[in-house]
Amino acid sequence: MKASEEGNRGDEDRAGLLLDDVRRLRVMVAGVRGAQLVERVLPEPLPRVWHVMGDLEGGFGEFQPDMRSVRVLRHEGDRVEALARSRYGLRAHFHGVLRPGWCWLQSRFLVIGMAAVDEGGRTRVALTGGVRVPGRAALVPFGARRELEEAMTRLAGRVS
């Protein structure tokens with residue numbers, strides 16, 4: 001079966017093996033110094049979980065600890081542009097990709113990555129993100145794991 005027939009499950013790599021969205025996020029995190037990844041299997045089906053995760057203007061802000069609000073400015077195909085405001089009043093202008101099971105958003109100083117795949121009626125979720133180090137493929141690691149763990153716990157509570 002080709003990856004295009006699998007929907008959000010991913011792309012075929014050069015060896016013909018399937019690289020799903022959670023695996024893809026693991027690879028991206030491995031290439032960014034200081035990046036953390038939090039991964040968990042939630043007992044809910046993928047459509048219910050992604051309904052919350054992929055709703056940038058609604059559910060996303062309810063489980064991300066630092067987000068007060070997000071406003072989508074443009075969404076064409078899988079490309080998205082959004083303005084976010086943190087609970088501390090800071091703002092970020094994000095550009096990125098949003099499609100079922102995958103979200104990667106970058107602003108000048110922030111990165112947010114989310115992935116979700118079906119695991120037989122349950123959902124494997126992976127989260128990453130943090131403050132970018134300008135001019136480098138690096139994130140500031142301080143506090144990131146704690147915030148990602150909190151986001152995962154809040155997401156689990158929100159979808160159950």
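Atom set for the values below is all heavy atoms of this structure, side chains included, hydrogens, waters and symmetry mates excluded.
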Revision key, fill the gap. In this structure, CZ of R108 is separated from CZ of R132 (nearest 0.5 Å) by 10.0 Å

Check your understanding: Is it true that I112 and V27 fall in one hydrophobic cluster, defined by side-chain heavy atoms closer than 4.5 Å?
Key -> no

Review point. Does V131 belong to the same Ile/Leu/Val/Met/Phe/Trp/Tyr cluster as Y88, with side-chain heavy atoms less than 4.5 Å apart forming each link?
Key: no

Review point. Heavy-atom count around R122 CZ within 6.0 Å, excluding the residue itself: above 12?
Key: no

Study note, to complete from the structure: The reported gap from OG1 in T128 to CG in L139 (rounded to nearest 0.5 angstrom) is 6.5 Å

Exercise for review: Starting at CG of L105, measure out to CG of L98 and round the result to the nearest 0.5 Å.
Suggested key: 7.0 Å

Check your understanding: Of all heavy-atom pairs between G129 and A144, which one has the smallest distance, and what is that distance?
Key -> O-CB, 4.1 Å

Check your understanding: Are V140 and F109 joined in one hydrophobic group, where the rule is that I, L, V, M, F, W and Y side chains link up if heavy atoms are under 4.5 Å apart?
Key -> no

Check your understanding: Heavy-atom distance under 4.5 Å between the side chains of S86 and M67, does that happen here?
Key -> no

Review point. With side chains defined as the heavy atoms from C-beta onward, is the minimum distance between L37 and L127 less than 4.5 Å?
Key: no

Practice item. Not counting sequence neighbours, list each pair that qualifies as a side-chain hydrogen bond (donor to acceptor under 3.5 Å, both in side chains) and has a residue in residues 27-52. Key: R26-E39, Q36-R145, E39-R124, E44-R48

Point to revise | For V117 against L46, the heavy-atom pair lying closest together | key: N-CD1, 4.2 Å

Review point. Is a side-chain donor or acceptor of D21 paired with a backbone partner of R24 at a separation under 3.5 angstrom?
Key: no

Exercise for review: Walk me through it: do W104 and M114 pass the test side chain to side chain contact (heavy atoms under 4.5 Å, CB included)?
Suggested key: CA-CA 7 Å; W104 184 266; M114 305 185 296; over 6 Å; no

Exercise for review: Quick one: do V80 and V97 satisfy side chain to side chain contact (heavy atoms under 4.5 Å, CB included)? Show the steps, please.
Suggested key: CA-CA 6 Å; V80 66; V97 175; over 6 Å; no

Exercise for review: Look only at the side chain of S107 and the backbone of F94, and say whether a donor-acceptor pair between them is shorter than 3.5 Å.
Suggested key: no

Review point. How many angstroms lie between CG in L83 and CG in L56, if you round to the nearest 0.5 Å?
Key: 12.0 Å

**Study point:** From W102 atom CH2 to M53 atom CE, the distance as rounded to the nearest 0.5 Å
**Key:** 10.5 Å

Practice item. Provide the full list of salt bridge (charged side-chain N to carboxylate O under 4.0 Å, His left out) pairs with a residue in residues 78-95, sequence neighbours left out, each pair given once. Key: R74-E81

Exercise for review: Applying side chain to side chain contact (heavy atoms under 4.5 Å, CB included), name anything that partners D55, two or more places apart in sequence or on another chain.
Suggested key: E57

Practice item. Please test T123 against V41 for side chain to side chain contact (heavy atoms under 4.5 Å, CB included), starting from the C-alpha separation and ending with a verdict. Key: CA-CA 5 Å; T123 305; V41 176; over 6 Å; no

**Study point:** Shortest non-hydrogen separation from A126 to L25 and the atoms involved
**Key:** O-CD2, 3.5 Å

Practice item. Quick one: pull up CG in L73 and NE2 in H95 and give me the separation to the nearest 0.5 Å. Key: 8.5 Å

Exercise for review: Inspect the surroundings of CZ in R71 and state if more than 12 heavy atoms from other residues, nucleotides or ligands are less than 6.0 Å away.
Suggested key: no

